[in-house]
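Report on the following structure.
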Amino acid sequence: MNWKLPFDIPLVVPTMGLPGWFFDALGVIVFVVHIAFIYTLIGASTASVLYNITGVFKKSKTDDLLAYKMTNPTTISENMGALWGVAPLLVISVLYTGFFYTAILKVSPHILHIIYGNIFAFLLSYAYKFSWHSLHHHKGFHIAIGLVAVLTFYTLPPVFMSMSNLYLQPETFATVQNIWDIMLTPLTGFRLLNFFLTAFSFTGIVMIYLGVKWVKAGGEDAEAGRLAIDQGKKWFMWAAPVNIAVLPLVFFAFSPRISEAYIHTPFVFLPFLASAVLTILFFFLLKRFGNEEMNLGDATKALVLMVVAVALMATARHGIRVVSFEEPLKLQAEATEKYMTNVITEYKAYKEEMKNAPQVVLDPAVSLADSKGCLACHSVDTKLVGPAYKDIAAKGESADVLIASIKNGSTGKWGETPMPAQTVTDEEAKTLIEWVLKQK
């Protein structure tokens, strides 16, 4: 393939001697933690606004309480998702620097929406949470704040997904001119569908887990907990089956080069394994669908299965990077080796040239003047802080007078700037003055 890649500055991956699989594993682990919080952020913020609305229409305090309690996982996930989001980006930017930053440049300035969109949504979601009681009698306005925050959160995945899809397919660098060229593609659509379905499935399990905790706490939290368990099951039961069907297709929506290579790797089984885990979890919850309350053990098992499914998805996604970058990374390594070889060859030639070059021998008086700091204030033919040595020599003062000026200092002979006394021996002063007088 005729690759059009940024090889102008070949790069050496700084692995500190650690094996490549270490960084691959690290990238998958930190991504799983990050994406778990992002799934929760998307789902919990949606749930909070949804149950705030149903609470108004149904005049249900339980719905309203559940909506309020879902603001906690929203704000926690905001902070943790942003914090952990730095880690996978750093790993990727180190391992795939040229591809990662080229993709960012291609989708700029729209990629900046990740920053200002996040800030705007964060501020609105915090305002939504902490104005809950003060805006209790202004529900329409309060819901509007939460709804705008949620919709803003929804605008972030398409931007990030577009950049991700672009850097994973470096052969498209030459044809993609802006973010819309990659955002409005079946691949981005498939991946966004998988993202939101997984987010709602994951949130459903989180709601079940939190609901069990709230029921155990008792009081008014127990009613909100029972509603959370009931709604969490429903969230998962409608989102998971669609995702089970979509998930295996996502990894074959990439360019033919990647999809064909992907089929011949063990990674090809991971999307199907993730769908299998989701299927197991679906029947696990279906068996307990009629139970108003679940025990903590069942809720924990459901959460673990969901995390396993997400980990399988993340590892399958890493498989795309493996097959996509195999050839371009090889070319980049060759370019780097060629670059380093040329640099070393040029350096050795320069050293050999300098070894054979005639040595420059400085006048001992010049070296002495430099070591004593004389040349900081004087030069041979240009006035600096003090007069030029040519002008001093032309003035015609005797050697003894000039030696005295060096050793004792002088004032007013060359303007207002005084000549401070210098720490030199008689012999050094004589050497310096003899050299200065030669400049006439």
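Just so it is clear, the values below take in all heavy atoms, side chains as well, and ignore hydrogens, waters and symmetry mates.
Classification of the F200-W238 ring pair by plane angle, with boundaries at 30° and 60°, yields tilted.
Heavy atoms of other residues, nucleotides or ligands lying less than 6.0 angstrom from CH2 of W214 number more than 12. The 12-atom threshold is not exceeded at CD of E326, counting heavy atoms of other residues, nucleotides or ligands nearer than 6.0 Å. Atom NZ of K213 sits in a sparse spot, with 12 or fewer heavy atoms from other residues, nucleotides or ligands closer than 6.0 Å. Residue-environment remark: OH (Y116) exceeds the threshold of 12 foreign heavy atoms within 6.0 Å. In this structure, F284 places its CZ atom where more than 12 heavy-atom neighbours from other residues, nucleotides or ligands lie under 6.0 Å away. Counting heavy-atom neighbours within 6.0 Å of Y126 OH, excluding the residue itself, gives a total above 12.
T75 has its side chain out of reach of F122: every pair of non-hydrogen atoms, C-beta onward, lies at least 4.5 Å apart. Side-chain contact between F120 and T155 is absent, with no heavy-atom pair separated by less than 4.5 Å. No side-chain heavy atom of P271 sits less than 4.5 Å from a side-chain heavy atom of F252. Residues L296 and Y209 are in side-chain contact: their nearest non-hydrogen atoms beyond the backbone lie under 4.5 Å apart.
The side chain to side chain contact (heavy atoms under 4.5 Å, CB included) test with F325 is passed by exactly one of L95, I258, L168: L168.
Between the side chains of Y128 and S48, at least one donor N or O lies within less than 3.5 Å of an accepting N or O.
The OH atom of Y39 sits 9.0 Å away from the NE2 atom of H34 when rounded to the nearest 0.5 Å.
Residues passing the salt bridge (Lys or Arg N to Asp or Glu O under 4.0 Å) test with K338: none are found, sequence neighbours excluded.
At a threshold of 4.0 Å, the pair E223-R226 counts as salt-bridged, since one of the basic side-chain nitrogens sits closer than that to a carboxylate oxygen.
Applying the side-chain hydrogen bond (donor to acceptor under 3.5 Å, both in side chains) test to pairs two or more places apart or on separate chains, those with a residue in residues 177-190 are N165-T188, T185-T188.
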